[in-house]
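Okay, structure first, notes after.
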Amino acid sequence: MIQTFQDYQKCVEQACVYAHHYYVLDDPLISDSEYDTLYQQIKDYEHSHPEHLLEHSPTQRVGGALLAYLPKHTHLERMWSLDNVFDTQGLQTWLARIFKVYPHASFTCSPKLDGVSLNLFYHQGKLVSAATRGNGIEGELVTHNAKTIPSIPLRIAYTGPLEIRGEVVIESADFERLNQERLHQGQPLFANPRNAAAGSLRQLDPKICAARKLTFMPWGLGRCQPTSPSFKTMMEEIMGDGFLPTRFLTCTNLAEIERAYTELHAQRAHAQVGMDGMVILVDAFALQVKLGFTLKAPRFAIAYKFPATEKHTKLLGVSPQIGRTGAITPVAILEPIVLDGARVSKATLNNYTEIQQRGFMLHDMVVVVRSGDVIPKLIKPLIHLRDGTQTPIIPPTHCPACDTPLAQQELNHCPACKMSLLLKNKPNFCPTCHAFMRKYGRNTLSTHCLVCEGVLEYKPYCHRCACDLSCRDRALFCPNPHCPPKLKEKIVHFASKHGLDIAGLGDRVVAQLLESKCIGGITDLYTLDLETLLTLEGWKRKRAQNLLDAIANTKHAPLWRLINALGIEYIGKGASKALAQAFGLEVFTKRAQDFKALPGFEHKMANALEQFMHENRDLIAQLLHLLEPTPPSTLVQESSFFNQKNIVLTGTFSVSREALSARLESLGACVKSSMSAATHLLIYGDNPGSKLERAQERGIPVMDQTQLWQMLKD
Ligand SMILES: NC(=O)c1ccc[n+]([C@@H]2O[C@H](COP(=O)([O-])OP(=O)(O)OC[C@H]3O[C@@H](n4cnc5c(N)ncnc54)[C@H](O)[C@@H]3O)[C@@H](O)[C@H]2O)c1
Ligand SMILES: [Zn+2]
């Protein structure tokens, strides 16, 4: 709490600096929740000491200063900020204030999109101008950029003067791509999609903005001549003129609003576009006018905020974690924070190269993001907060578990853009000219230098990023096949839901069994006995018997489960099913060329399979003996239409997806979850999503539900 006028002054100055970095520079110094806390303290002090109020306090104005290099634009109607509530109690207080004067008020709820405001002015059906909110009265004129955004119609049917307001947002996938590109070009990263959208919209060069894939989502009106007394009706009418539809929901009481809020919050983790809350607004224009505005926000609307998904915290350490394949992943150890309602103390960092690229140091303050069940991620370090205690993060040289010297993984992908190195091992570099030869045509390269005609040699090179990758740090792994954590992860995977599904055999139990030397590998599971288990701490007869039963139950398990349980690189559930279907028990004797003949089995999958079968001959023989897995009963009819086809399903079917996939797989199809160049057919049910359109655009054959059932009957 702020006690004295001096403290209040200091806080206001601080907040002004933060607001400037946030609104003007699109590069916030602190997280929103920290800012909100400071803002609330300032507001509380001003409430109890109105005589001390400073005119430049952030509570007294909307937004920040305008960028000097963009022309200014005066809005016809003022633009506003929104007051916030954070819980039911806050919402209740706000509603009570409205209901006291207008007991029959009805509300319109919409997602509070996390982007940047834009005010579009149309006259005689034409887009005249587009301006940012700025300080609410004047904004920055960005018409040149707005015209590059496909979801902003240049002409609409409504001919009166009309200000339509909305949020310019960037989808999370595009945001990640943009940051990856910037990382590669050595440009500062955007902390979040909002900053990226704002930074893009306020470019001088419309080409830059056009390349950023922005979207406009309408949420409100400024100057207009309403043809309906209801805000929602009016919005829906105007949105029908070629705008993207924003969802407006009618609610009449607290319970309905709470329900809408809970539903929207549940959608957040999967939404393409970031939302930071729900906006609730009195629907009748007449009541809006009567309720009016405070100094910076309408009294007829409120933002009901979601818990924060982005915060700043301290990076305390980085600990190397060993996976099933031996790959070493750095895990960030963080000073614990609460993000989207969950306690977060760890986050993944893909690899040590990325740590270097993003410039993290130990004891840095860092930006952390988490939403829903997504694993928390570190975005960037806050370099301005460094205090001299930071030290570099040094990649390990030896396995932290078995002390074997670590090896570098072969480079298969560009670490910056993730594109696979297509021309792997093909000569591409001229040592005389010190130049890389660009590919021309499809994956073709000359074998000799186009300048000096000298012989080329191979160096890892990314054609998309145009960079030499030979001195890049690569992912590290422990080459020791007996490395204990590797073994543990293998057994955990073997017993997991997608493997042999052995209940009660999770991470901790496997660690205990290995440590107590009850088992030394996968096959030892099958010789475990009751007496041994009962000697372990925390094991009673019932629990031990349950585990033994679960293990015994894996006898005669479907063959695909055994294949998937082995944890072969690149081979997941779908591929395991296809293998079982195609080869039955013979699968373990097949060679790379046999695997390559299956639809969707690329080079690397086929090679990984052959190598695995070769290196693990003994293990496989023992498991086949112990388990006697069951191959699929229906043999593939080679003549089936679906045989050897890569199929993607979309929409709702009259049977479950799983049942339908199983049926198609039994006919030799390979059912995949996403479309690619290798997709042969898209089958769609009711309410197909965007996949259907994309398939049609790309010329992939499609089939509807009725045709499908007809074919299956035949
Ligand atoms: N991190 C920092 O340093 C820092 C500094 C200043 C402000 N901030 C953050 O900015 C926010 C306050 O900014 P503000 O005053 O500009 O208000 P705001 O951004 O929280 O809310 C008002 C804005 O919400 C947008 N909006 C999105 N969906 C909407 C919908 N469906 N209906 C109506 N409006 C919708 C509009 O653009 C509107 O201008 C706070 O969350 C604060 O934490 C952070
Ligand atoms: Zn090791």
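All ligand and atom numbering here is 1-based and tracks the order in the structure. Just the heavy atoms: all of them, side chains too, but no hydrogens, waters or symmetry mates, feed the values below.
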Sub-4.0 Å atoms of ligand 1 with respect to non-hydrogen atoms of Ser81: 14 (P), 15 (O), 17 (O)
Please report the C-alpha distance between Phe86 and Tyr304 in whole Å, then the side-chain angles of each, then the deciding distance to 0.1 Å, and finally whether the ring pair (Phe, Tyr, Trp, His ring centres under 6.0 Å) criterion is met. CA-CA 6 Å; Phe86 298 90; Tyr304 190 0; 9.0 Å; no
Proximal atoms of ligand 1 relative to Ser31 (non-hydrogen, under 4.0 Å): 1 (N)
Below the 3.5 angstrom mark, is there an N/O of Asp32, backbone or side chain, next to an N/O of ligand 1? yes
Do you see a donor-acceptor pair shorter than 3.5 Å between the side chains of Asp283 and Ser106? no
Going by the order shown, which atoms of ligand 1 are within less than 4.0 Å of some heavy atom of Pro111? 28 (N), 30 (C), 31 (N)
Is there any N or O on Asp36 that sits under 3.5 Å from an N or O of ligand 1? yes
Atom indices of ligand 1 within 4.0 angstrom of Trp80 heavy atoms, with elements: 39 (O)
Is there a heavy atom of Tyr23 sitting under 4.0 angstrom from any atom of ligand 1? yes
Is the closest N or O pair between Ile30 and ligand 1 shorter than 3.5 Å? yes
Taking distance alone, with N or O pairs closer than 3.5 Å, would you say Val116 contacts ligand 1? no
For ligand 1 and Ser110, I'd like to know whether there is a polar contact (N/O to N/O, distance under 3.5 Å). yes
Option nearest atom 41 (O) of ligand 1 (shortest heavy-atom distance, choices His312, Glu34, Arg61, Lys305): Lys305
Atom 16 (O) of ligand 1: nearest protein contact (heavy atom, Å): Arg133 NH2, 2.4 Å
Would one find an N or O of Pro28, backbone or side chain, under 3.5 Å from an N or O of ligand 1? no
Short N or O distance, Asp276 and ligand 1, threshold 3.5 Å exclusive: no
Residues Glu258 and Thr262: side-chain donor-acceptor under 3.5 angstrom: no
If you have a sec, work out which protein heavy atom is nearest atom 26 (N) of ligand 1 and how many Å separate them, to one decimal? Glu167 OE1, 3.5 Å
Students often mix this up, so state it plainly: with edges at 30° and 60°, are the rings of Tyr45 and His49 parallel, tilted or perpendicular? parallel
Counting each atom of ligand 1 from 1 as listed, which ones have a heavy atom of Ser117 under 4.0 Å away? 36 (C), 37 (O), 38 (C), 39 (O)
